[in-house]
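Just below is one structure, and these are the notes that go with it.
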Amino acid sequence: MTFSRPVRSLFLFAFCLSTFGTIVNAQVKAGRDPNQPVDQEYTNKIREYTTEPFFNSPLTDYLPASSDVPTPKAVLGDIAGAPGKLPYAEEVYKYMRMLERASPRVKVYSIGTTEEGREMIAVAIGSEQLMSKLEENRARLTKLADPRTINLDEAEADRLVAASFPIYYITGTIHSPETGSPTALMELAYRLVVDNSPYVKAIRDNMVTLITPVVEVDGRNRMVDVYNWHLAHPNQNWPSLIYWGHYVAHDNNRDAIGLSLKLTRNVMNTYLAWKPQVLHDLHESVPYLYDNTIGDGPYNAWVDPILTDEWQMIGWHNVSEMTKFGMPGVFAHGNFDTWSPGYLMFIAATHNGISRLYETFGNAGADTVERSLSPSEYQRTWYRQNPPLPKARWSQRNNNNYQQTALLTTLHHFSTNGKLFLKNFYLKSKRSIEKPKNEGPAAYVFPADEVRAGNQAELLRTLQAQGVEISKSTAPFTVAVKRKSGSGSARPTPSPSPAVSPTPVPKTEDRTFPAGSYILRMDQPYSRIADALLDYQYWAPNDPQTDIYDDTAWTMGELANVEVVRVTDVKVLQAPMERVTGDVRSPGGISSAGSVYVINHNADNALATLRYRLKDVEMNAAEEPFEAAGRKFNRGSFIIHKVDGEALRRATSELGIQVYAVASAPTVKTHPVRAARIAIMHTWLSTQDEGWYRIGFDHLQVPFTYISTQDVSRDPNLKSKYDVILFAPVGRGSQAIINGLPMYGNPLPWKKTDLTPNLGSIDETDDMRPGLGWNGLQNLQKFVRDGGVFITVDDTTDFAVNYGFTQGVTLNRSQRLRAVGVILRTKAVDSTSPIAYGYGDSLAMYCSNGPIYGVNNGVGGRPRTQSRATGRGTPDDPDVVQGRPPAEIPEPPPRVEPWEAPPVGDEQRRNAIGLIPPNQRPRVILRYADNRELFVSGLLDGGDEIAQRPAIIDVPQGNGHVLLFSTNPFWRGQTKGSYFLVFNAILNWDNLNAGRKLAEK
Ligand SMILES: [Zn+2]
């Protein structure tokens, strides 16, 4: 290895001390090597496109010339950041591969494909020497990443650190309207290869930079289409980017928990394979450069303090260097709260690396425009002493200057301190392994007798994809676990007699887990991510952070509706077990013999897949629990009389579903479960949240037709095509659903054309503006009256209630409640409803300040008050009318629970115009739990406002049904335990009244 001289001497100094423990600030000056010629034409263009000299730095105000390495101009036809130029992902790749051909300092790796089949790449850049040693370096980093391999030997770790070079992984444009990073990263790659200035050479000689220039490839190409349409239609409004990736938009950066998207999996796999020390994601939404690495509190509670220290060191250094360059608007801290582990860059934080993120200032395209900021953006605060300007002409080139300058200063800092960060990487990995004997827990156990074995296996597979090792016990084992509340949490007796010492109540109790239980040992390198995802979250209602950035809870066992036991007893590590190789699968297939097949309904999602895979097979659902083959079967269990046994065996083996063959059908009332024809309806306003429904359905191979509100407005006979229409949250309000976008200006097309080849593949329209309209509303209401099922969630339940789909339901939005991306407990109210099949008495569900419902037996019911009127006496006293004998006061009406409708009174029946017939009244399926049981995980404040209120209501309407969900059953691939509430409604769409007991009056 050769180092530039100042760097080498610093290295030797650090190595001799063998501490690698102090930050070194390099004395190498930033700026060009006077002996290296510049590409004058390119350099002139940089100056031309930069709107003010102070929006550039000595690192990027020139481009070094090269006789054999092409500049980005070779592909772009102009320089990086030029106005009017946004390259497609393929053009960016073409350039990176030109670099690879031109220089031994570059290698391009294909890291997978997107949902729509487009390639993702990673580009590695380093000196020839480093590039020739990538594999041996990887072997060393793999040992540092798993200190078990060197028996946690410090001396060996130091030898490995001394011999290794770090990897710094940069990812660009995950958010498609944030358009600058691909060109910034093209030019950065060129500089890292070509620039001979000591500052840049130190980077190339001491570390490898790994770059994924486009993370959201499908969205990037759509964004370039929209931008090109805009260029071709000057003076017109252009369509907003309604689809980014195939499924989700902005939320693609909230997938590092559930790992539903291919882009997350591809970056995760690259991270796990390369063992980089940093994952640094580039965004553009804040002027001019917000290094949010340090962020604000509360910090995620599971990351290593060594990491939070690194955040401070690196973040402030970055700000400090750029401040010295005189670039305005560079700052750290800000309002990013660093709590959720769902962000892409957090993959590093939870896997012993360093997570980093920049927000720079982009124009959502490559136009140069005057930008006006709001006071909150340009005012000086303690962490932003040199704020952005209130008004400035801003160009894509400015943005590229900021991105590259920031990255070069941080890469240089990292290359100068590589040994420190490598040693920290080792220490964090080691401390992850030492978790059981330090902070704990020792393990998480997934019991073998889990009733939802399929959902359990699915959750374990997600953890495997996170790089977590899973073991399986080969014999029963007994360990101490936390005592269940109720058995040991009795209040201490007040004033014990001084003579008697109180008997301490043990905090733990022994529990024996059966053989075959899964054990996630915490003495493994990636214990931290398992702990972060499986543990409970608590966000204090009085936390000083009131500007909450994202969800406050994600406890995965609760959201999967499977049992996960946190075990601190280190004895668990001695349990007989073996490592699971390959994906965890639940057992499936047919046991015993007989001509009738029975499948227990346990709300395992694979059951929905099975129904559609064998869509022509007649299946029936039991309306009551029953026993057969010596086993208990839940309400809703499938009974199959006629089927090709081999086809059933094959499907259920693959899907991990246990089938029991019996000689004769159990005597129980049944109804058919049919493969309903499903439509998922979207608006042209936003497709962000409905994308999580589509991806859930697609992964489970439950087919649906994708329709828009515009399709519905044109179709008066929806029932002839669909049995169920699902309308996921929109986030834009009921009126906007009807009205669509304002009809001012020009039409906004979203379709595939020669100019926009990447639009329209998911859905298309000539004009995005029209909404559902009144025709569409009538068509939807007719669909329900004709027997269809209309499923609404969160804000689309506002739409259903406000536009007359749901007689007898009132809806309010909370005044005091703060349930910010939280997990709340719900309770079964009517378990005989098919919607509740397979579920128990209690279910934890994701809620984000959901609507607060009330139910009535009459139309236009108002919220009731039961408090006494003003008068004499105490709150419990009767009033006394003066000057006459007291009238006899009737018995108070029986208590009505908050999830119930008040009984029909005499006055309501006298002329019963508004009285809803019993079979058309709202039926509450689940309610929120009582206030003391409501909270499961996250932030809950003012919970009494929603406690005990209906959570899921089935409202009969004509021949059909409207479903209202106050909780969100499909959220970010994390809520797989509540998916089946929706599948139940779908599979039992024509029998939703099953089990219903009607009121007499
Ligand atoms: Zn972003």
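Residues take their numbers from the sequence shown, with the count starting at 1. Note that ligands are numbered from 1 as they come in the structure, with each ligand's atoms numbered from 1 the same way.
A distance-only check finds a donor-acceptor pair linking the side chain of D543 to the backbone of Q545 [under 3.5 Å]. At distances below 3.5 Å, at least one donor-acceptor pair connects side-chain atoms of R528 with backbone N or O atoms of W302.
A salt bridge (charged side-chain N to carboxylate O under 4.0 Å, His left out) check over residues 388-414, counting only residues at least two apart or in different chains, returns the pairs E187-R397.
Counting only protein N, O or S atoms, the number found under 2.8 Å from the Zn ion (ligand 1) is 4.
Results of the side chain to side chain contact (heavy atoms under 4.5 Å, CB included) test with Q404 over L59, T60, T183, N56 single out T60 as the only residue that passes.
Residues meeting the side chain to side chain contact (heavy atoms under 4.5 Å, CB included) test with A553, sequence neighbours left out: Q537, I823, S937. Applying the salt bridge (Lys or Arg N to Asp or Glu O under 4.0 Å) rule to K428 yields the partners E310; only residues at least two apart in sequence or on another chain are considered.
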